[in-house]
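Okay, so here's the structure we're looking at.
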Amino acid sequence: MENTYNVGDIIKVKVSGIEKYGIFVHVDDLYNGLIHISEISSGFIPDINDIVKFGEEIYCLVTDVDTKTHQLKLSIKNINYKNKIDPELIQETRLGFLPLKSKLDEWINDKLKEIK
């Protein structure tokens, strides 16, 4: 049975190569992935080897899935890549203030009731 991956999934991978432009990872028997340098950190990275080591297992956020070539585009920029975290926290981070905006009317109405 083939594993399926979706954008937004947090998956455990193994570092299989390190280049100046990113980190190659082994996902499973069918899929491999790349964490482009722009998806490692918002700041300057003088040496990717200071971030991960060859053979190290890390967690990544799936940002794109190519089912034809079995390649994943991955990110560690906004997650704790050394430890698994709740994917919903990532979703809220990527949505910015939208989760707050969706609750704003409810909070205002609750506060107005409380004041009266």
Side-chain angles (χ1 to χ4, degrees):
M1 184 170 100
E2 181 179 320
N3 284 336
T4 58
Y5 300 100
N6 299 300
V7 171
D9 287 350
I10 303 285
I11 61 171
K12 190 174 191 177
V13 301
K14 188 171 189 175
V15 176
S16 59
I18 302 171
E19 296 291 335
K20 290 182 180 182
Y21 54 86
I23 303 166
F24 288 94
V25 297
H26 173 75
V27 179
D28 61 26
D29 290 338
L30 192 57
Y31 279 86
N32 288 303
L34 173 66
I35 308 164
H36 187 266
I37 194 164
S38 65
E39 291 297 329
I40 296 173
S41 173
S42 297
F44 175 70
I45 302 169
D47 187 354
I48 295 175
N49 290 288
D50 293 338
I51 307 293
V52 297
K53 302 292 182 224
F54 180 83
E56 181 178 10
E57 290 186 336
I58 60 173
Y59 291 94
C60 297
L61 174 69
V62 177
T63 60
D64 189 52
V65 179
D66 186 330
T67 56
K68 291 181 182 176
T69 62
H70 299 107
Q71 297 292 313
L72 302 178
K73 290 183 183 175
L74 304 163
S75 176
I76 61 172
K77 188 189 303 190
N78 294 320
I79 68 169
N80 183 349
Y81 61 94
K82 299 285 184 175
N83 298 303
K84 186 168 185 174
I85 59 172
D86 185 349
E88 288 189 21
L89 295 176
I90 300 303
Q91 185 65 20
E92 288 181 16
T93 301
R94 289 186 162 261
L95 290 174
F97 288 103
L98 288 177
L100 295 175
K101 182 181 178 188
S102 68
K103 295 293 250 172
L104 188 58
D105 288 338
E106 179 184 335
W107 292 334
I108 290 171
N109 288 332
D110 287 348
K111 193 47 107 173
L112 288 172
K113 287 177 188 173
E114 187 181 306
I115 293 172
K116 290 180 183 180

Under 4.5 Å between side-chain heavy atoms, counting indirect links through other Ile/Leu/Val/Met/Phe/Trp/Tyr residues: same cluster for [X] and [Y] or not?
X: V15; Y: F24; result: no
X: I37; Y: V25; result: yes
X: I23; Y: I45; result: yes
X: L34; Y: V13; result: no

So, [X] side chain and [Y] main chain: donor-acceptor pair closer than 3.5 Å or not?
X: T63; Y: K73; answer: yes
X: K77; Y: S38; answer: yes
X: D9; Y: I11; answer: no

### Task
Step through the shown structure and confirm whether more than 12 heavy atoms of other residues, nucleotides or ligands are within 6.0 Å of CG on D50.
yes

Just how far is it from atom [atom1] of [X] to atom [atom2] of [Y], taken to the nearest 0.5 Å?
X: I18; Y: N49; atom1: CD1; atom2: CG; result: 4.5 Å
X: D110; Y: I115; atom1: CG; atom2: CD1; result: 11.0 Å
X: K53; Y: I58; atom1: NZ; atom2: CD1; result: 12.5 Å
X: H26; Y: E57; atom1: NE2; atom2: CD; result: 10.0 Å
X: D64; Y: S75; atom1: CG; atom2: OG; result: 12.5 Å
X: T67; Y: L72; atom1: OG1; atom2: CG; result: 10.5 Å

Minimum heavy-atom distance [X]-[Y], with the two atoms named:
X: V27; Y: Y5; answer: CG1-OH, 3.3 Å
X: E56; Y: I51; answer: OE1-O, 4.4 Å
X: L30; Y: H70; answer: O-CB, 3.2 Å
X: Y81; Y: V52; answer: CE1-CG1, 4.1 Å
X: K14; Y: G55; answer: CE-O, 3.2 Å
X: C60; Y: L74; answer: CB-CB, 3.9 Å

### Query
Could you walk me through whether N78 and L61 pass the side chain to side chain contact (heavy atoms under 4.5 Å, CB included) check?
CA-CA 9 Å; N78 294 320; L61 174 69; 5.9 Å; no

